[in-house]
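To keep things clear, I will list the structure first and then write my remarks on it.
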Number of protein chains: 2
Amino acid sequence: MTHSTGRPLRADARRNYEMLLTAGKAVFARSGTDAPLEDVGKEAGVGRGTLYRHFPSREHLFVAIIEDRVSFLETRARELLGSPDPWQALAAWLRVYDQIATGYRGMSARVGNGLTDDGSPVAAACAPMKASFELLFTRARDAEVIRADVTPVQLLTLVAALPKDPRSDSTIEPYLDIVLSGLRAGGR
Amino acid sequence: MTHSTGRPLRADARRNYEMLLTAGKAVFARSGTDAPLEDVGKEAGVGRGTLYRHFPSREHLFVAIIEDRVSFLETRARELLGSPDPWQALAAWLRVYDQIATGYRGMSARVGNGLTDDGSPVAAACAPMKASFELLFTRARDAEVIRADVTPVQLLTLVAALPKDPRSDSTIEPYLDIVLSGLRAGGR
DNA sequence: ACCTGAACACCGTTCAAGT
DNA sequence: ACCTGAACACCGTTCAAGT
């Protein structure tokens, strides 16, 4: 993945961008998504100013880091649209969506907050994924297999907010099951 | 409510403690539980050092501020133990528990994190409430009206983590319903 | 015994000076 | 056009000097 604007970069600028992205992934994986940005600059071997030139805020760096995961989720949603059972497809996608935050502490909270924060880099980055998910969601709703009083974004927000085990960074066992069971129309 | 140690305080110290508590409630209500502690000291009219003498950390101040709400929840749990329907009693308590975080932005997140953080001031402050809730929980579990794979603390943590409406500081409509429905044994 | 505010630490963000 | 690091801002936390 390269710089988000199509504009060509000078060779050293492009190199710094890549270094920062790699360093960002390492630092966020090690210390979570609230780690000092200073560490990222240091690990990439560039000055503070360079970091802020490429990523004007923590959110911008975060978005660049998770871009591959988000786009994977988008294609996964489209694949699951082809599977026969609307409920199973929806539930399967939500499980992947939940698991994919593993490895970057604080990622799902950041996604959950960003989703409804119009204009934020996270909202922009998640828009395509959200659109694909909505197709999956609407199919389940039309099949009347889920309760009718929840919106697609609310569901994404809810699952992103599920508490994580501090050790594994993954959702503690029964939480997602409870939500999925409660989501299903008339209980399971 | 007064200073947590029984030890008598000098008149000016007691007065400062009360000023800080009042100021803390005002500032947390206005700016959320992440507001600068500096503002609290300023609003109370005392120096930084005085604030840190009475409340060694933000958590200590937070705990003093929510103490009345937590103790209310404890007595409410004991009351509901007297009501006939174990499921209705449990669900009713969880609704109060959820609503009570309204007014201090970030409070429920802080409670949710603190609950499982042994040794934290929040964990200590919530221990009696937790104990009373466990009675309510166990009664429902024994009556087999809730699923068997969730623990009392997990349930408290889950409900505390439900996303809030930034405007109202209260849980967005369908979330608690989904969780309660998913919690009920075999769906509702 | 308690209070005060100066001082330090940490880290996000900006910008003047460089290449 | 881009990089660098000094400088500033913000705020949590400590502590020497007071009363």
Side-chain angles (χ1 to χ4, degrees), chain A residues 2-24 26-28 30-65 105-106 110 113-114 120-122, chain B residues 2-24 26-28 30-65 105-106 110 113-114 120-122:
Chain A
T2 63
H3 198 266
S4 49
T5 80
R7 179 168 49 84
L9 287 178
R10 220 168 66 178
D12 56 344
R14 157 179 296 277
R15 189 165 168 284
N16 281 337
Y17 179 88
E18 300 296 343
M19 296 291 281
L20 281 165
L21 194 53
T22 304
V27 170
F28 278 18
R30 189 192 315 132
S31 314
T33 60
D34 287 325
L37 290 186
E38 212 176 351
D39 293 359
V40 177
K42 226 169 260 171
E43 178 140 340
V46 305
R48 289 164 169 29
T50 305
L51 188 148
Y52 282 93
R53 159 172 288 267
H54 286 293
F55 303 103
S57 76
R58 177 185 299 275
E59 291 282 285
H60 290 269
L61 174 59
F62 175 67
V63 156
I65 287 176
R105 187 163 6 102
R110 220 167 260 286
N113 292 332
S120 78
V122 170
Chain B
T2 63
H3 199 265
S4 50
T5 80
R7 180 167 49 81
L9 286 178
R10 220 168 66 177
D12 56 344
R14 156 178 297 279
R15 187 165 169 286
N16 281 337
Y17 180 88
E18 300 296 344
M19 297 291 281
L20 282 165
L21 194 53
T22 303
V27 170
F28 278 18
R30 190 192 315 133
S31 314
T33 61
D34 288 325
L37 291 184
E38 212 176 353
D39 294 359
V40 177
K42 225 169 261 170
E43 178 140 342
V46 305
R48 287 160 167 36
T50 304
L51 187 150
Y52 282 94
R53 159 172 289 269
H54 287 293
F55 303 104
S57 76
R58 177 184 299 273
E59 290 283 283
H60 289 269
L61 174 58
F62 175 67
V63 156
I65 287 176
R105 188 163 7 102
R110 218 167 261 286
N113 293 332
S120 78
V122 171

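Just so it is clear, the values below take in all heavy atoms, side chains as well, and ignore hydrogens, waters and symmetry mates. Chain letters run A, B, ... following the sequence lines, proteins first, then strands; residues in each count from 1. What you see is a predicted model; the values in this text were computed from it and never measured.
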What's the shortest heavy-atom distance between B:Gly41 and B:Leu20, and which atoms? CA-CD2, 4.3 Å
Between A:Tyr17 (OH) and D:dC3 (P), how many Å, whole number? 13 Å
Which pairs, protein N/O on one side and nucleotides 17-19 of chain D N/O on the other, fall under 3.5 Å?
none

C:dC2 pairs with, by Watson-Crick or G-U criteria that keep both distances under 3.5 Å: D:dG18
Please report the distance, rounded to the nearest Å, between CG in A:Leu20 and P in D:dC3. 9 Å
Do the side-chain N or O atoms of A:His54 get closer than 4.0 angstrom to the phosphate oxygens (OP1, OP2) of D:dC2? no
At their closest point, which heavy atom of A:Val122 faces which heavy atom of A:Gly114, and how far apart are they? CG1-CA, 3.8 Å
In this structure, how many angstroms lie between the C1' atom of C:dC10 and the CG atom of A:Leu37, rounded? 13 Å
Any side-chain N or O of B:Asn16 less than 4.0 Å from the OP1 or OP2 oxygen of C:dC3? yes
Rounded off to whole Å, could you give me the CG-to-C1' distance for the B:Leu61 and D:dT13 pair? 15 Å
Of all of residues 38-48 of chain B, which get a heavy atom below 4.0 angstrom from DNA chain D, listed by number? B:Glu38, B:Arg48
Knowing that exactly one of A:Arg15, A:Arg10, A:Arg14 qualifies, which makes a side chain to side chain donor-acceptor pair (under 3.5 Å) with A:Asp12? A:Arg10
If C:dA7 has a Watson-Crick or G-U wobble mate with both distances under 3.5 Å, name it; if not, just say none. D:dT13
Distance in angstrom units between A:Arg53 CZ and D:dA1 C1', rounded: 7 Å
Please report the closest heavy-atom contact between A:Asn16 and A:Thr50, naming both atoms and the distance. ND2-CG2, 3.9 Å
Closest heavy-atom pair, A:Ile65 versus A:Phe28, reported as atoms and distance to 0.1 Å, is CD1-CD2, 3.7 Å
What is the separation between atom CG on A:Leu51 and atom C1' on D:dT4, rounded to the nearest whole Å? 13 Å
Can you tell me how far P of C:dC3 sits from CE of B:Met19, to the nearest Å? 12 Å
Below 6.0 angstrom between ring centroids: does that apply to B:Tyr17 and B:Phe55? yes
Picking from D:dC3, C:dC11, D:dG12, the nucleotide nearest the side-chain atoms of A:Pro36 would be C:dC11
Salt bridge (charged side-chain N to carboxylate O under 4.0 Å, His left out) between A:Arg105 and A:Asp34: does it pass, once the steps are laid out? CA-CA 8 Å; A:Arg105 187 163 6 102; A:Asp34 287 325; over 6 Å; no
Using only atom types and a distance under 3.5 Å, with no angle test, would you say the side chain of A:Arg58 pairs donor to acceptor with the backbone of A:Thr33? yes
Looking only at the side chain of A:Thr50 (C-beta and beyond, no hydrogens), which of the listed nucleotides C:dC2, D:dC3, D:dC11 gets closest? D:dC3
Do the side chains of A:His60 and A:His54 get nearer than 4.5 Å, heavy atoms only? no
Rounded to whole angstroms, how far apart are OH on B:Tyr52 and P on D:dC11? 11 Å
